[in-house]
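Step one of this worksheet: look at the structure below.
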Amino acid sequence: MTVLPDTGYTPTPEELASIEAWFAAYDAHSAKREVERMADLAVFPLNLVSDDSAGNGASAQWDRQQFIEAMGQVMGDGSDDITFESTRTPVFLSPAMAVVFTDSTMTMDGQTQQLRYADILIRRDGTWAFQTMLQGGWGDNLR
């Protein structure tokens, strides 16, 4: 069982449901490789944080076009759908900020891969958007 830190803010059931709904939409776009629709759910410039093959931390900021190009390359243009089975643990810092930890199994073109990452989401005008993506192993691509 994951023990969440005490941030001083306890989300309502509606706030938890809104995060789940946001990720359901994002995963649906990802499964269809709708990279531009995925970009619609972000705040740009988007922060990316990772580590590289030498074990050093790496970060970058992408604009919308960089996100679309990079995710298009990562997602590919295969004809098979991508499926995700994910367990998400949101940690709310306030009603408008959440860090969401994800453990996911992604299946693409018959290949299964385990993913662990975190996203920082912010809520603006009642709508969530991701602003920072954190995942190990991508740092060489951020330089």
Side-chain angles (χ1 to χ4, degrees), residues 1-76 80-143:
M1 178 177 173
T2 301
V3 177
L4 300 180
D6 181 4
T7 65
Y9 182 78
T10 302
T12 66
E14 293 80 15
E15 289 167 332
L16 289 168
S18 70
I19 289 277
E20 290 174 16
W22 184 90
F23 274 105
Y26 187 83
D27 286 350
H29 295 312
S30 296
K32 296 177 184 172
R33 294 179 172 89
E34 297 173 340
V35 177
E36 292 208 20
R37 295 294 309 261
M38 293 163 58
D40 291 342
L41 300 175
V43 174
F44 294 98
L46 179 68
N47 293 309
L48 296 103
V49 180
S50 191
D51 57 6
D52 64 18
S53 58
N56 294 308
S59 64
Q61 283 191 327
W62 285 351
D63 62 23
R64 182 183 174 90
Q65 190 58 39
Q66 287 171 298
F67 175 85
I68 290 170
E69 289 172 9
M71 292 305 286
Q73 290 175 357
V74 169
M75 305 291 285
D80 292 342
D81 281 344
I82 300 172
T83 60
F84 297 92
E85 293 181 30
S86 301
T87 301
R88 295 205 165 84
T89 306
V91 178
F92 280 72
L93 302 175
S94 76
M97 295 186 299
V99 180
V100 181
F101 297 89
T102 300
D103 288 296
S104 184
T105 301
M106 177 185 75
T107 303
M108 179 172 70
D109 297 331
Q111 301 285 339
T112 299
Q113 182 177 0
Q114 297 300 126
L115 305 171
R116 173 170 280 165
Y117 57 92
D119 295 295
I120 297 176
L121 277 65
I122 61 173
R123 191 174 191 149
R124 300 179 309 163
D125 299 323
T127 302
W128 288 105
F130 68 98
Q131 202 294 309
T132 300
M133 302 172 77
L134 300 101
Q135 185 176 9
W138 294 95
D140 293 330
N141 299 318
L142 300 179
R143 303 201 191 285

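Note that the numbering runs from 1 along the sequence shown for the chain.
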Going by atom types alone, do [X] and [Y] pair a side-chain donor with an acceptor below 3.5 Å?
X: Ser50; Y: Gln135; answer: no
X: Asp103; Y: Thr87; answer: no
X: Glu69; Y: Gln73; answer: no

Quick one, Thr102 with Leu115, criterion side chain to side chain contact (heavy atoms under 4.5 Å, CB included). Give me CA distance, side-chain angles, the key distance, then yes/no.
CA-CA 8 Å; Thr102 300; Leu115 305 171; over 6 Å; no

Flag side-chain contact, heavy atom, 4.5 Å: [X] against [Y]:
X: Ser30; Y: Met38; value: yes
X: Leu134; Y: Ile120; value: yes
X: Glu85; Y: Met106; value: no
X: Leu16; Y: Pro90; value: yes
X: Leu46; Y: Met133; value: yes
X: Phe44; Y: Gln66; value: no
X: Leu48; Y: Ser59; value: no
X: Ile122; Y: Val43; value: yes

Output, in order, the C-alpha distance, side-chain angles, deciding distance and verdict of side chain to side chain contact (heavy atoms under 4.5 Å, CB included) for Val91 and Thr7.
CA-CA 8 Å; Val91 178; Thr7 65; 3.5 Å; yes

Which heavy atom of [X] sits nearest a heavy atom of [Y], and at what distance?
X: Trp22; Y: Leu121; result: CE3-CD2, 3.7 Å
X: Gln131; Y: Pro45; result: NE2-O, 2.7 Å
X: Phe84; Y: Ser104; result: CD2-OG, 3.8 Å
X: Ser53; Y: Asp140; result: OG-OD2, 2.9 Å
X: Leu142; Y: Ala58; result: CD1-O, 4.1 Å
X: Ala25; Y: Leu41; result: C-CD1, 4.5 Å

What orientation do Phe92 and Tyr9 show, parallel under 30°, tilted 30 to 60°, or perpendicular over 60°?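 Ring orientation, 0 to 90° scale: tilted.
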
Are the side chain of [X] and the backbone of [Y] linked by a donor-acceptor contact shorter than 3.5 Å?
X: Thr107; Y: Gly110; answer: no
X: Asp51; Y: Gly55; answer: no
X: Asn47; Y: Gln61; answer: no

OG (Ser94) and CD (Glu15) are apart, to the nearest 0.5 Å, by 8.5 Å

Measure the spacing between CG of Asn141 and CG of Asp52 and express it to the nearest 0.5 Å.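 The CG atom of Asp52 is 10.5 Å from CG of Asn141, to the nearest 0.5 Å.
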
(Q) Taking CD in Glu34 as the centre, count heavy atoms belonging to other residues, nucleotides or ligands within less than 6.0 Å. Is the count above 12? (A)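 Above 12, so yes.
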
*Should we say atom CZ of Arg64 is surrounded by more than 12 heavy atoms from elsewhere, each under 6.0 Å from it?*
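Yes - once you tally the heavy atoms of other residues, nucleotides and ligands closer than 6.0 Å, there are more than 12.
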
* Asked: Got a salt bridge between Asp119 and Arg88, using NZ or NE/NH1/NH2 to carboxylate O under 4.0 Å?
  -> no

(Q) Ring centroids only, cut at 6.0 angstrom: are Tyr26 and Phe130 within range, meaning strictly under it? (A) yes

Check your understanding: Checking side chain to side chain contact (heavy atoms under 4.5 Å, CB included) for the pair Val49/Thr132: CA distance, chi angles, key distance, verdict?
Key -> CA-CA 8 Å; Val49 180; Thr132 300; 4.3 Å; yes

